[in-house]
Amino acid sequence: MKKTITVNLGGRAFQITEDAYAQLSDYLSSIADCLKNHEGGEEIVADIESRISELCEERLQHNAIKIIDCALVNDIVRRIGNPENMFAMNDDAGETAG
């Protein structure tokens, strides 16, 4: 038996298991950390959160059980990518341009 909680993700309410919540929260925090010194970083984090919300909505439409679990979070993280790799390319490009 797993405990679930309700969260607001990108303006939508979802049921999520506690372990999936911790995993997703850590992921979004990592993205925010990578962008904390970038102009528009908060907007980018909000856009990524909205995209995660869309992906969850799409996936849960086809499931009988409408709960975000670790498997779904893992799939989303694979699709969106690792924050360090995602933003390292932008940092490298900025260094060569400057």
Side-chain angles (χ1 to χ4, degrees):
M1 181 168 64
K2 287 196 175 192
K3 188 174 183 181
T4 63
I5 54 177
T6 302
V7 296
N8 181 329
L9 183 62
R12 297 178 178 140
F14 291 96
Q15 288 292 114
I16 186 170
T17 62
E18 280 187 318
D19 52 347
Y21 173 81
Q23 185 178 356
L24 186 56
S25 180
D26 288 347
Y27 180 68
L28 288 170
S29 292
S30 294
I31 292 171
D33 286 345
C34 288
L35 292 171
K36 66 183 169 195
N37 295 322
H38 288 71
E39 186 175 326
E42 290 180 15
E43 267 185 59
I44 295 169
V45 172
D47 289 344
I48 292 171
E49 184 176 320
S50 290
R51 180 61 182 142
I52 291 170
S53 175
E54 291 169 2
L55 292 170
C56 287
E57 187 76 28
E58 287 173 13
R59 183 79 168 274
L60 294 175
Q61 283 179 351
H62 304 290
N63 290 352
I65 299 173
K66 308 286 185 195
I67 298 172
I68 299 170
D69 60 9
C70 287
L72 178 52
V73 173
N74 287 333
D75 182 53
I76 288 169
V77 168
R78 272 192 299 277
R79 288 179 72 176
I80 293 177
N82 182 319
E84 291 80 16
N85 295 337
M86 207 184 311
F87 302 111
M89 291 186 296
N90 291 339
D91 289 344
D92 291 343
E95 287 174 6
T96 57

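Hydrogens, waters and symmetry mates play no part in the numbers below; they use all other heavy atoms, side chains included.
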Quiz item: Measuring from C56:SG to R12:CZ, what's the distance to the nearest 0.5 Å?
Solution: 9.5 Å

Practice problem: List for me each residue that meets side-chain hydrogen bond (donor to acceptor under 3.5 Å, both in side chains) alongside S29, sequence neighbours excluded, and say none if there are none. | Solution: none

Exercise. Please examine the side chains of L24 and D26, heavy atoms only from C-beta on, and report whether any two atoms are closer than 4.5 Å.
Key: no

Show which side-chain atoms of residues 64-79 pair as donor or acceptor with protein atoms under 3.5 Å away, not counting sequence neighbours.
| unit_1 | atom_1 | unit_2 | atom_2 | d |
| --- | --- | --- | --- | --- |
| K66 | NZ | L60 | O | 2.6 |
| K66 | NZ | Q61 | O | 3.3 |
| K66 | NZ | N63 | O | 3.0 |
| D69 | OD1 | A71 | N | 3.4 |
| D69 | OD1 | L72 | N | 3.0 |
| N74 | OD1 | Q23 | NE2 | 2.3 |
| N74 | ND2 | C70 | O | 3.2 |
| D75 | OD2 | R59 | NH1 | 2.9 |

Self-check item: All side-chain hydrogen bond (donor to acceptor under 3.5 Å, both in side chains) counterparts of E54, not counting sequence neighbours
Solution: R51

Quiz item: For E58, does the CD atom have more than 12 heavy-atom neighbours from other residues, nucleotides or ligands under 6.0 Å away?
Solution: yes

Self-check item: E42: partners by salt bridge (charged side-chain N to carboxylate O under 4.0 Å, His left out), with sequence neighbours left out
Solution: none

Self-check item: Side-chain heavy atoms of N8 within contact of F14, under 4.5 Å
Solution: no

Quiz item: Quick check: are there more than 12 heavy atoms from other residues, nucleotides or ligands sitting under 6.0 Å from CD of E43?
Solution: no

Self-check item: Step-by-step side chain to side chain contact (heavy atoms under 4.5 Å, CB included) determination, Q15 to I5
Solution: CA-CA 6 Å; Q15 288 292 114; I5 54 177; over 6 Å; no

Quiz item: Is there a side-chain contact between I44 and H38 (heavy atoms, below 4.5 Å)?
Solution: no

Quiz item: Taking only residues two or more places apart in sequence or in another chain, which ones pass salt bridge (charged side-chain N to carboxylate O under 4.0 Å, His left out) with D47?
Solution: none

Quiz prompt | Side chains of T17 and K3 in contact at under 4.5 Å (non-hydrogen atoms) | solution = no

Exercise. Can you sort out the partners of K36 under salt bridge (charged side-chain N to carboxylate O under 4.0 Å, His left out), two or more places apart, ordered by chain and number?
Key: none

Quiz item: Could you give the distance from CD (E49) to CG (L28), rounded to the nearest 0.5 Å?
Solution: 5.5 Å

Quiz item: Any side-chain heavy atom of Y21 within less than 4.5 Å of one from T4?
Solution: no

